[in-house]
Amino acid sequence: MKIAIASGKGGTGKTTIATAFAQALSRAEYSVSLLDCDVEGPNSHIFIQPEFDQFEDVNMLIPSVDDETCTGCGQCAEVCQFHAIVVIGGQTLVFPEMCHGCGSCTLICPEEAITEIPKRLGILEGGLSQEGIRFGHGILNIGEPMAVPVISKLKKWQDLMDAEVVLIDSPPGASCPVVESLRGADYIILVTEPTPFGLHDLRQAYKVTQELGIPAGVIINRDGIGDTGVEQYCEEVGLQIFMQIPLERKIGQGIAQGKSLLEIKPEYENRFLQLYLQIIEALSIVDRS
Amino acid sequence: MIIAVSSPDGKFSTEFSPRFGRCNFFIIIDTDTREWESKPNPAANARGGAGPQAVQFLSASGAEAAITGRYGPNAFTTLKAAGIRAYIADAGTPEELLDRFLAGTLEEVNAATGGELHH
Amino acid sequence: MKQLVILSGKGGTGKTSVAAAFAHLLSLQNTPSKTVFADADVDAANLELVLSPSVISKEEFWGGSIAEIDSDDCTSCGICAEVCRFDAVIVKEDLYTVDPIACDGCAACVYQCPEEAISMKEQLAGEWYQSESLYGPLFHANLIPAQENSGKLVTLVKQQARLLALDEAKDLVLVDGPPGIGCPVISAASGADLALIVAEPTASGVHDMHRVLKTTAHFDVESLICINKADIYPEGTEAIEKFCQNEGIRVVGKIPFDLAVTESMVQGKPVTAYQADSPASLAIHDLWKEVMDVIQDLGA
């Protein structure tokens, strides 16, 4: 079972939910893994504290032009959709920061003057937490725009993906890195806050889940601030609200210090086990219909 | 000879722009006739590769020399490949810089001057 | 004309609340406003919810292209699937199609197909708007959920804001940025003269603040820090201040946790317009003055 935790708006509590969920399931002796796919700002490890013992580079192949063989014909620049190769004054220049690593230039070169060399986009780190959660995250290199290849490689770590319950902590937003994180999930939990910003971004995130054809439910965090717009919207579109976590200074302060929700509020352990059963139930309803 | 000066506002008699790849305009000047025209820099807001894209634009505009405050490595490499000479200045209007260019008192550079400004 | 971008690394630290309050304060200083606003968080565009914009013009945004296989010309030779590095070619019983979500738009398959059976089709990826807000012109956009190219749309929105600022001789383009450090953030920070980073004194907030500071430094954009919700965890605030002192980065403001910020959002107003004397409003007012002083001192 693969469950992703997502939200359109940032800072709604995805990581708080994902880490508490993983801990609750692990304590109940499920085999559980957690993948932090927010490779631009990965934070789950702060709350899970895994012992990292598995590391892997994420590379992309970029072109390298042999000036001797290159005739300056310009076909490589013509096929590159990303302005990463420029032929000017008879010379072929490569700008790695623009390259998507598609290999099109290498394939098209009539002189076979292009070879490919690896460029590091980021790294993956994995390890076991004290509670037995199998954990993995990706870290995007500073200045590197391409998050998607790092996410997709993390999702290919088989020992993580083979767990009974795979939890995926998604980045915020509604575009490519989010889609890459959510692809292949059986269920998506959308975390939001009950404010106009939260509602606006929940709509966006819900549309992503619909586009992917993956069933979804909602957790409202910081309940008590804002207004009732989110609840009304969920009722309108038939989104189930699984949990409402109130705005409490104690929770906010604890999270700020790097404590997990279950450390601050042990009573949530049961609620997350309930959540898992509710998701299974929700999925069996989807199956039957 | 055609030269190009980076400019924030596309004007001949106001201060030039020290930024190359992301300047708002280039003032393209014919040094023989002092005739000039202002062209918006299509790379001004490019997400990446502003330097090389600006150079390609200058090359297509027929420029043989560029004057700005500093060049990033990518811009410089592309200028060199395009055979466009690179000059730098601290201050001045395109008009004044033209005079200094003609008088031969502008500094020509043979390496990038701006560090890792590109992306 | 200067470009100020508001960033954070971690989401939800209060970028948009700060940007909206700045918009309000700038309009009080000059009528009509000498600032153009751009919402560069096209995945989750929230500035429009608090600046009361009326849309003047609306344009479609055609993002990147994706490959499409013409099944009439396709001979199922499989070369496209071989060359695709994004696992975007789907093969089902000899029928080849492209998964539009996986396709990166690189066109490698288009050039390699021996039958010329593949072509690139532009994708409608969103809309962008020019609006007149209560506090001045606003450029904003909505990415169609699950679409690619948010970075490209950010670039477009900023470019439009910048062109209007040039045309109308405005002083400032204020860009409300997206969270993270990747593609759309790089687009939002490109060409900025100054970045204001809204940090949060939490374990995650500090971690992400470090990453966004490294990113702005990488792109040579000068950065200032303000600490939002500074009083929820004073030890965290102290840690940020100490770090900034060591790194030579200025902390230009500390905003206390204040429910008036959320209340103002519910009312659809910047907090400074909703309750000018609330603790957060007063702090943002001081912050704004500090930031404007720094901008004025920047060279051409």
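Remember, predicted model here, so these are calculated numbers, not experimental data. Throughout, a chain's letter reflects where its sequence line sits, starting with A, and its residues are numbered from 1. No hydrogens, no waters, no symmetry mates; every other heavy atom, side chains included, goes into these values.
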Counting only non-hydrogen atoms closer than 4.5 Å, does [X] touch chain A with its backbone (N, CA, C, O), its side chain (CB onward), both, or neither?
| X | value |
| --- | --- |
| Ala102(C) | both |
| Asn142(C) | side chain |
| Leu259(C) | side chain |
| Gln267(C) | neither |
| Pro179(C) | both |
| Ile101(C) | side chain |
| Lys10(C) | side chain |

More than 12 foreign heavy atoms under 6.0 Å from [atom1] of [X]: is that the case here?
| X | atom1 | answer |
| --- | --- | --- |
| Lys121(C) | NZ | yes |
| Glu116(C) | CD | no |
| Lys153(A) | NZ | yes |

message: Once you measure the plane-to-plane angle for His45(A) and His207(C), does it fall in the parallel (<30°), tilted (30-60°) or perpendicular (>60°) bin?
response: perpendicular
In plain terms, say whether [X] and [Y] are close enough for a salt bridge, that is, a side-chain N and a carboxylate O under 4.0 Å apart.
| X | Y | answer |
| --- | --- | --- |
| Glu116(A) | Arg85(C) | yes |
| Arg183(A) | Asp99(C) | yes |
| Lys119(A) | Glu144(A) | yes |
| Lys156(A) | Asp87(C) | yes |

Shorter than 4.5 Å, heavy atoms on both sides: which option in [options] has the most such pairs with chain C?
| options | answer |
| --- | --- |
| Ile108(A), Val178(A), Leu247(A) | Ile108(A) |
| Ser175(A), Gly258(A), Gly11(A) | Ser175(A) |
| Thr15(A), Asp201(A), Ile225(A) | Asp201(A) |
| Glu180(A), Glu211(A), His200(A) | His200(A) |
| Gly252(A), Gly103(A), Ala147(A) | Gly103(A) |

Interchain contact, [X] with chain C, by part (heavy-atom threshold 4.5 Å):
| X | result |
| --- | --- |
| Arg222(A) | neither |
| Phe82(A) | side chain |
| Tyr206(A) | neither |
| Gln75(A) | neither |
| Leu212(A) | side chain |
| Val39(A) | backbone |
| Gln204(A) | both |
| Pro42(A) | both |
| Arg203(A) | neither |

Please identify, among [options], the residue contributing the most non-hydrogen atom pairs under 4.5 Å to chain A.
| options | result |
| --- | --- |
| Val266(C), Asp104(C), Asn46(C) | Asn46(C) |
| Gly236(C), Ser204(C), Gly180(C) | Ser204(C) |
| Met120(C), Gln112(C), Gln147(C) | Gln112(C) |

Which heavy atom of [X] sits nearest a heavy atom of [Y], and at what distance?
| X | Y | answer |
| --- | --- | --- |
| Val271(C) | Ser278(C) | CG2-OG, 4.0 Å |
| Lys15(C) | Gly177(C) | CE-O, 3.1 Å |
| Val221(C) | Ala189(C) | CG2-O, 3.8 Å |
| Phe135(A) | Asp36(A) | CZ-CB, 4.1 Å |

message: Does Lys9(A) form a side-chain contact (heavy atoms from CB on, under 4.5 Å) with Leu202(A)? I'd like the steps, not just the answer.
response: CA-CA 7 Å; Lys9(A) 182 170 164 16; Leu202(A) 172 65; over 6 Å; no
field: Worked check of side-chain contact (heavy atoms from CB on, under 4.5 Å) between Val94(A) and Cys99(A)
entry: CA-CA 8 Å; Val94(A) 177; Cys99(A) 179; 5.8 Å; no
